[in-house]
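Please read the structure below before turning to the comments.
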Amino acid sequence: MNEMTGTRPAGGTTARRALTLVAAAGAALLVWAVADPIGGAGMHARGQHVGPAAVIVFTLLVGLAAWGLLAVLERRAKRPGRTWGITAGIVLGVSLTGPLDSEGPGTYVALMAMHLVVGAILIAGLGRTARTRC
């Protein structure tokens, strides 16, 4: 923050966090693009086809929830960055149980890859922006 003007520099925390969410959604879509139409996995989970819109929307929703959690931790936790990393790692671990009910090995591998890629991007990207309490 510029002490004289009270403004944040361009490319501040909000912009970096938003770019992290966009990167996570793009990476998930890339995994989907390789697995579904190119790889022929015919991705189905819980009886429904997993399409590109669902991939993007769910990734952005998870990213926004992660962003919100980090914001709360920055206000409440003594060491928000550390707490964020531990909590996000646990959430990623739990999320990996989701693909277990996928239909077929191709879908299972693709969904696991999506979870891992999105988790890694969100954990690292948002974690780098964590601010400490004063």
Side-chain angles (χ1 to χ4, degrees):
M1 175 156 324
N2 185 327
E3 292 178 26
M4 298 185 89
T5 64
T7 60
R8 295 185 187 275
T13 303
T14 301
R16 288 192 313 248
R17 289 180 182 181
L19 285 173
T20 298
L21 269 60
V22 170
L29 189 59
L30 181 61
V31 171
W32 177 87
V34 169
D36 190 65
I38 296 171
M43 293 186 31
H44 288 81
R46 296 187 179 129
Q48 295 184 351
H49 178 69
V50 178
V55 170
I56 293 169
V57 168
F58 282 105
T59 301
L60 292 176
L61 288 174
V62 167
L64 288 171
W67 186 339
L69 173 62
L70 179 56
V72 169
L73 292 174
E74 287 172 333
R75 294 175 189 255
R76 305 275 184 211
K78 284 184 180 179
R79 296 172 59 187
R82 181 175 186 266
T83 305
W84 160 254
I86 292 168
T87 305
I90 291 169
V91 170
L92 174 59
V94 171
S95 83
L96 293 176
T97 64
L100 293 176
D101 69 350
S102 58
E103 299 172 15
T107 299
Y108 172 77
V109 169
L111 290 174
M112 289 294 281
M114 275 192 254
H115 280 245
L116 291 170
V117 165
V118 168
I121 291 170
L122 291 177
I123 290 169
L126 293 176
R128 275 190 228 121
T129 67
R131 295 177 249 168
T132 56
R133 287 188 337 165
C134 296

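Residue numbers start at 1 and run along the sequence shown. Just so it is clear, the values below take in all heavy atoms, side chains as well, and ignore hydrogens, waters and symmetry mates.
- Ser102 contributes a side-chain N or O that, together with a main-chain N or O of Pro99, makes up a donor-acceptor pair within less than 3.5 Å.
- Rounding to the nearest 0.5 angstrom, the gap separating the CG atom in Leu111 from the CG atom in Leu96 is 11.0 Å.
- Of the candidates Glu74, Arg16, Arg17, Arg17 is the only one forming a side chain to side chain donor-acceptor pair (under 3.5 Å) with Thr129.
- Residues Val22 and Val31 are members of separate hydrophobic clusters, defined by side-chain heavy-atom contacts under 4.5 angstrom among Ile, Leu, Val, Met, Phe, Trp and Tyr.
- Other cluster members for Val57: Leu61, joined by side-chain heavy-atom distances under 4.5 Å among Ile, Leu, Val, Met, Phe, Trp and Tyr.
- Atoms CG and CG, on Leu21 and Leu122 in that order, are 6.0 Å from each other to the nearest 0.5 Å.
- Follow the hydrophobic side-chain contacts under 4.5 Å out from Leu69 and you never reach Phe58; the two are in separate clusters.
- Annotation for Ala130 and Gly81: closest pair CB-CA, 3.8 Å, computed over non-hydrogen atoms.
- One N or O on the side chain of Thr97 and one on the backbone of Val94 form a donor-acceptor pair closer than 3.5 Å.
- Note that CG of Leu116 is 11.0 Å distant from CD1 of Ile121, once rounded to the nearest 0.5 Å.
- Contact detail for Gly63 and Leu126: the closest heavy-atom pair is O-CD1, 4.3 Å.
- For the atom pair Thr107 OG1 and Met112 CE, the distance stands at 13.0 Å (nearest 0.5 Å).
- In this structure, CD1 on Ile56 lies 9.0 Å from CH2 on Trp32, to the nearest 0.5 angstrom.
- Closest of all the heavy-atom pairs between Ala28 and Thr59 is CB-OG1, 3.6 Å.
- Under the 4.5 Å side-chain heavy-atom criterion for grouping Ile, Leu, Val, Met, Phe, Trp and Tyr, Val91 is not connected to Val118 through any hydrophobic cluster.
- Closest heavy-atom contact between Pro52 and Leu29: CB-CD1, 3.6 Å.
- Using modelled atom types, one side-chain atom of His115 and one backbone atom of Ser95 make a donor-acceptor pair closer than 3.5 Å.
- In terms of hydrophobic clustering, with Ile, Leu, Val, Met, Phe, Trp and Tyr side chains grouped at heavy-atom distances under 4.5 Å, Leu64 and Leu19 are assigned to different clusters.
- Separation of atoms OG1 (Thr20) and CD1 (Ile123) is listed at 12.0 Å; rounding is to 0.5 Å.
- Among residues two or more places apart in sequence or in another chain, the side-chain contact (heavy atoms from CB on, under 4.5 Å) test is passed with Arg82 by Arg79, Ile86.
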